[in-house]
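Structure, as structure tokens:
Every heavy atom of this structure was used, including side-chain atoms; hydrogens, water molecules and symmetry mates were not.
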Amino acid sequence: HVHLLEGERTYQAPWSVFVRTPDFQTVLIDAIFTNTGSEETHSAAAVIRDAQGKKIAESEQILICAAGDTACHFEFHMEDLNLWDLNTPYLYSAEVILPKTKECKEVTFGVRTIDFTREHGFSLNGKPIKLQGGCIHHDNGIVGRRAYSALEERKIRLLKESGYNAVRTSHNPMSTALLDACDRLGMLVIDEAFDQWRAKKNNQDYHLYFEDHWQEDLGSMVMRDRCHPSVIMYSIGNEIGERDGSGNG
């Protein structure tokens, strides 16, 4: 997919909306508005919809948007929210709107909590779960390396039907289409960034760009993927030779 993003003088950048669920009755929405001109006053609204598109909560506030970035925060407390889990991956949507400019950013999210402890390992919604995972690459077999949405979903569906409940994205961030499929089908994700750092494995590897771009690329991966309920962990590298301390590892 290729997208052309268009906005007014005050706009919402990609990945500027962050939705969190610290418990089963709280939804927190943080949004960033970017103003490329002089100070403006805006009314900002947040709407939460259920899986059928029905509005279940709404809040509004006045923002003074100076030049640069302005943050706003919405907090909702609701009962009887459906949880996102492996068997019933229920999804809500959150919309953050600037009515004056008709700017709207929609984010899909799930209500779930995750935890890691020495005693129980990984827990989803307070229940210990063993990761029965597979490491997947970005290709789709004979169709090639393009991330067609239907094929990304087929990949996850077949893994799910074969008994897997988790995947590791070896060795790079996967398409949004694949993560969307994991959200819909109830598949846990270890979101991986690199296959090497400074030390090369092949002449044209990422080592050529690591020094200048690792921080920006890691930040982009986390910002892009942080609202996906399927993502439970980030990996900064697989089979990294510099783990032994060489190359400033």
Side-chain angles (χ1 to χ4, degrees), residues 1-5 14-15 17-19 21 49-54 82-95 105-114 122-125 127 129-196 201-202 205-206 217-218 220-239:
H1 302 293
V2 177
H3 302 277
L4 175 65
L5 303 179
W15 322 321
V17 175
F18 181 26
V19 183
T21 57
R49 300 183 185 275
D50 63 17
Q52 288 72 46
K54 179 183 177 182
N82 294 296
L83 301 187
W84 186 95
D85 61 28
L86 298 179
N87 297 318
T88 54
Y90 194 94
L91 294 174
Y92 292 90
S93 65
E95 300 170 2
K105 185 72 69 176
E106 182 178 353
V107 172
T108 301
F109 70 96
V111 178
R112 62 98 169 104
T113 62
I114 62 173
F122 170 71
S123 294
L124 175 66
N125 300 330
K127 300 177 182 178
I129 291 178
K130 300 296 184 184
L131 301 185
Q132 299 167 329
C135 304
I136 59 172
H137 287 263
H138 63 285
D139 65 282
N140 282 297
I142 61 172
V143 180
R145 292 185 168 92
R146 294 186 181 180
Y148 297 106
S149 296
L151 294 179
E152 299 287 70
E153 178 147 342
R154 174 183 180 272
K155 180 190 300 183
I156 299 304
R157 176 175 53 79
L158 290 176
L159 286 166
K160 183 89 175 181
E161 291 172 354
S162 299
Y164 291 84
N165 65 12
V167 294
R168 193 188 102 233
T169 64
S170 47
H171 314 277
N172 48 267
M174 293 291 166
S175 70
T176 299
L178 185 132
L179 294 181
D180 288 343
C182 291
D183 291 344
R184 289 191 299 268
L185 298 177
M187 180 73 79
L188 303 172
V189 177
I190 299 176
D191 206 358
E192 188 162 276
F194 309 126
D195 194 28
Q196 70 274 145
K201 295 183 178 179
N202 295 289
D205 271 343
Y206 185 78
D217 290 346
L218 274 179
S220 295
M221 180 181 79
V222 174
M223 291 283 285
R224 187 195 72 163
D225 299 347
R226 58 186 177 167
C227 293
H228 288 278
S230 57
V231 175
I232 62 168
M233 191 188 310
Y234 296 102
S235 165
I236 59 172
N238 169 69
E239 300 171 1

Using every non-hydrogen atom in the two residues, find where [X] and [Y] come nearest and quote the distance to one decimal.
| X | Y | result |
| --- | --- | --- |
| Pro89 | Leu185 | CG-C, 3.8 Å |
| Trp84 | Leu91 | CD1-CD2, 3.7 Å |
| Pro229 | Arg112 | O-NE, 3.0 Å |

| message | side-chain contact (heavy atoms from CB on, under 4.5 Å) for Ile114 and Phe122? Distances and angles first, verdict last. | response | CA-CA 7 Å; Ile114 62 173; Phe122 170 71; 3.8 Å; yes
Assess, by modelled atom type and distance only, whether the side chains of [X] and [Y] contain a donor and an acceptor separated by less than 3.5 Å.
| X | Y | result |
| --- | --- | --- |
| Glu192 | Asn172 | no |
| His1 | Ser149 | yes |
| Asn238 | Arg168 | yes |
| Ser220 | Asp217 | no |

Is [Y] close to [X] at the side-chain level, that is, under 4.5 Å between some pair of heavy atoms?
| X | Y | result |
| --- | --- | --- |
| Leu179 | Glu152 | no |
| Ile129 | Asn165 | yes |
| Asp205 | Gln196 | yes |
| Leu188 | Leu131 | yes |
| Val189 | His228 | no |
| Lys54 | Arg49 | no |
| Tyr234 | Leu218 | no |
| Thr108 | Asp180 | no |

| query | Looking only at atom types and distance, does a side-chain atom of Thr88 sit under 3.5 Å from a main-chain N or O of Tyr90, one as donor and one as acceptor? | reply | no
Crowding at [atom1], [X] (>12 non-hydrogen neighbours, <6.0 Å):
| X | atom1 | result |
| --- | --- | --- |
| Lys201 | NZ | yes |
| Arg224 | CZ | yes |
| Tyr164 | OH | no |
| Arg146 | CZ | no |

Say you draw a straight line from [atom1] of [X] to [atom2] of [Y]; how long is it, rounded to the nearest 0.5 Å?
| X | Y | atom1 | atom2 | result |
| --- | --- | --- | --- | --- |
| Leu178 | Leu151 | CG | CG | 11.0 Å |
| Lys155 | Asp139 | NZ | CG | 6.0 Å |
| Asp85 | Asn125 | CG | CG | 6.0 Å |
| Asp183 | Cys227 | CG | SG | 10.0 Å |
| Leu83 | Asn87 | CG | CG | 12.0 Å |
| Lys160 | Ser162 | NZ | OG | 12.0 Å |

| field | Parallel, tilted or perpendicular: rings of Tyr92 and Phe109 (30°, 60°) | value | parallel
| request: Begin with the C-alpha distance, continue with both residues' side-chain angles, and end with the deciding distance and a verdict on side-chain hydrogen bond (donor to acceptor under 3.5 Å, both in side chains) for His137 and Thr169. | output: CA-CA 6 Å; His137 287 263; Thr169 64; over 6 Å; no
| task | Using the side-chain contact (heavy atoms from CB on, under 4.5 Å) rule, take Glu95 and Lys105 through it: C-alpha gap first, then chi angles, then the decisive distance, then the call. | result | CA-CA 6 Å; Glu95 300 170 2; Lys105 185 72 69 176; over 6 Å; no
| task | Give a yes/no verdict on a cation-pi contact between Arg226 and Phe18, requiring under 6.0 Å between NZ or CZ and the six-membered ring centre and an angle within 45° of the axis. | result | yes
